[in-house]
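When reading the values below, keep in mind they use all heavy atoms of this one structure, side chains included, and skip hydrogens, waters and symmetry mates.
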Amino acid sequence: MSAPATGPEATYQDVLDAPAHLVAEVLDGELILSPRPASPHAQVSSLLGIDVGGPFHRKPGDPGGPGGWIILDEPELHLGRHILVPDLAGWRRERMPWLPKAAFLTLAPDWVCEILSPASVRLDRIRKPRIYAGEGVAWLWLVDPEQHTLEVLRLVEGAWTLHQAFEGEEKLRADPFAAVELDPGRWWFEEPPAAEVP
């Protein structure tokens, strides 16, 4: 069920008018402004994008990986009345052979990854997955940089089911990218050693 907007329904103009230092989304007609991610979140998103995008964001026949996908960091998605900015999203090339030259995309992805943070956990776990499911996104990854976990959710008959779950630093193969082994140990933020006090 969609949450009702409390005032006039937010529009794309509200997104364009939002402060540049915030991420602007429209969920269920409500303008949501979120701070830019902190460094642990940004590190996971960047490295995961490299690890998945490197082998999979390739044209058919390109060497170096299975290919078959278009993988983007923080694409702006216009899905019905919703405007969403996932951390990562991917489209199978049979559905989107070429990336359109546009400010936003209207074709729902096949895969979305949200990096959880304390400020956005409710959006990432509840509101956005409901919208993704309604648009037929087949796969959703939820990555928790604090807990060092990856949950792989699969859309089955319109509902999310937990397909795989991983924790810690052990290497893994996660659908829909199981053709390549991933090393999550390099995603997690490391605290610098405490300075020695004389």
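At least one side-chain heavy atom of S39 sits less than 4.5 Å from a side-chain heavy atom of F189. A heavy-atom distance below 4.5 Å is found between the side chains of D51 and W187. Between P75 and P86, the closest side-chain pair of non-hydrogen atoms falls below 4.5 Å. V143 is not listed as a side-chain neighbour of L116, based on a closest heavy-atom distance of 4.5 Å or more. Side chains of E25 and I83 form no contact here, defined as non-hydrogen atoms less than 4.5 Å apart. When side chains are defined from C-beta on, E181 does not count as touching L172, because their heavy atoms never get closer than 4.5 Å. V15 is listed as a side-chain neighbour of E76, based on a closest heavy-atom distance under 4.5 Å.
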| query | Would E169 and R186 count as a salt bridge (Lys or Arg N to Asp or Glu O under 4.0 Å) if you check the C-alpha gap in whole Å, the side-chain angles of each, and the deciding distance to 0.1 Å? | reply | CA-CA 8 Å; E169 300 188 358; R186 68 189 225 99; over 6 Å; no
| field | side-chain contact (heavy atoms from CB on, under 4.5 Å) assessment of V52 paired with L88 | value | CA-CA 10 Å; V52 171; L88 294 159; over 6 Å; no
| query | Can L153 and L142 be said to form a side-chain contact (heavy atoms from CB on, under 4.5 Å), step by step? | reply | CA-CA 8 Å; L153 305 178; L142 298 175; 3.9 Å; yes
| Steps toward side-chain contact (heavy atoms from CB on, under 4.5 Å) verdict (L107, W91) | CA-CA 9 Å; L107 179 65; W91 291 258; 3.9 Å; yes
| query | For L22 and S34, what are the C-alpha separation, side-chain angles and deciding distance, and is it a side-chain contact (heavy atoms from CB on, under 4.5 Å)? | reply | CA-CA 5 Å; L22 298 175; S34 304; over 6 Å; no
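Closest approach of A174 to L150, counting heavy atoms only: CB-CD2, 4.0 Å. Looking at every heavy atom in both residues, P37 comes nearest to A42 through CB-N, 4.3 Å. The minimum heavy-atom distance between I71 and H57, with the atom names listed, is N-ND1, 2.8 Å. Heavy-atom minimum distance, I32 versus R127: CD1-NH1, 3.9 Å. Contact between P109 and G90 at its shortest, heavy atoms only, is CB-O, 3.4 Å.
Judged purely by atom type and a 3.5 angstrom limit, D17 has no side-chain atom pairing as donor or acceptor with the backbone of D14. No donor-acceptor pair closer than 3.5 Å links the side chain of T161 to the backbone N or O of V156. A distance-only check finds no donor-acceptor pair linking the side chain of E114 to the backbone of L123 [under 3.5 Å]. Listed for the S45 side chain is no donor-acceptor partner under 3.5 Å among the backbone atoms of H41. Side chain of R154 to backbone of A138: no donor-acceptor contact under 3.5 angstrom is found. Judged purely by atom type and a 3.5 angstrom limit, H163 has no side-chain atom pairing as donor or acceptor with the backbone of V152. Using a distance-only test at 3.5 Å, with no hydrogens or angles considered, a donor-acceptor pair links the side chain of R173 to the main chain of A179.
Note that CZ of R81 is 9.5 Å distant from CG of L27, once rounded to the nearest 0.5 Å. One finds the CG atom of L48 at 9.5 Å from the CG atom of D87 (value rounded to the nearest 0.5 Å). Interatomic distance, CD1 of I131 versus CG of D28, reported as 5.0 Å (0.5 Å rounding). A distance of 5.5 Å separates CG of L72 from CG of L99, quoted to the nearest 0.5 Å. How far CG of L105 is from CG of L77: 6.5 Å, rounded to the nearest 0.5 Å. Rounding to the nearest 0.5 angstrom, the gap separating the OG atom in S120 from the CD1 atom in I115 is 9.5 Å.
Counting non-hydrogen atoms of other residues, nucleotides and ligands closer than 6.0 Å to CD of E167 gives a total of 12 or fewer. Within 6.0 Å of CD on E146 lie no more than 12 heavy atoms contributed by other residues, nucleotides or ligands. Applying the 6.0 Å contact sphere to CD of E94 captures more than 12 heavy atoms from other residues, nucleotides or ligands.
Under the 4.5 Å side-chain contact rule for hydrophobic residues, L47 and F177 share a cluster. Hydrophobic clustering of Ile, Leu, Val, Met, Phe, Trp and Tyr side chains at less than 4.5 Å, counting indirect connections, unites L16 with L31. The cluster map of Ile, Leu, Val, Met, Phe, Trp and Tyr, joined by side-chain heavy atoms under 4.5 Å apart, puts L84 and M96 in the same cluster. Neither V26 nor V85 shares a network with the other; the hydrophobic side chains, linked directly or stepwise wherever heavy atoms of I, L, V, M, F, W or Y lie under 4.5 Å apart, form separate groups for each. Hydrophobic clustering (ILVMFWY, side-chain heavy atoms < 4.5 Å, transitive): V112 and L162 are in one cluster.
Neither side chain, W69 nor D110, offers a donor N or O lying under 3.5 Å from an acceptor on the other.
A distance of 6.0 Å or more separates the ring centres of Y132 and W160.
The aromatic rings of H78 and F104 sit parallel, their planes meeting at an angle under 30°, below the 60° perpendicular limit. Ring planes of W188 and H148: parallel class, angle under 30° (limits at 30 and 60°).
Using a cut-off of 4.0 Å between Lys/Arg side-chain N and Asp/Glu carboxylate O, R125 and E151 are scored as salt-bridged. Note on R130 versus E135: no salt bridge recorded, every NZ/NE/NH1/NH2 to OD/OE distance being 4.0 Å or above. Using a cutoff of 4.0 Å between basic side-chain nitrogens and carboxylate oxygens, R36 and E74 are scored as salt-bridged.
Of the candidates W141, F56, W139, W111 forms a ring pair (Phe, Tyr, Trp, His ring centres under 6.0 Å) with just one, namely W141.
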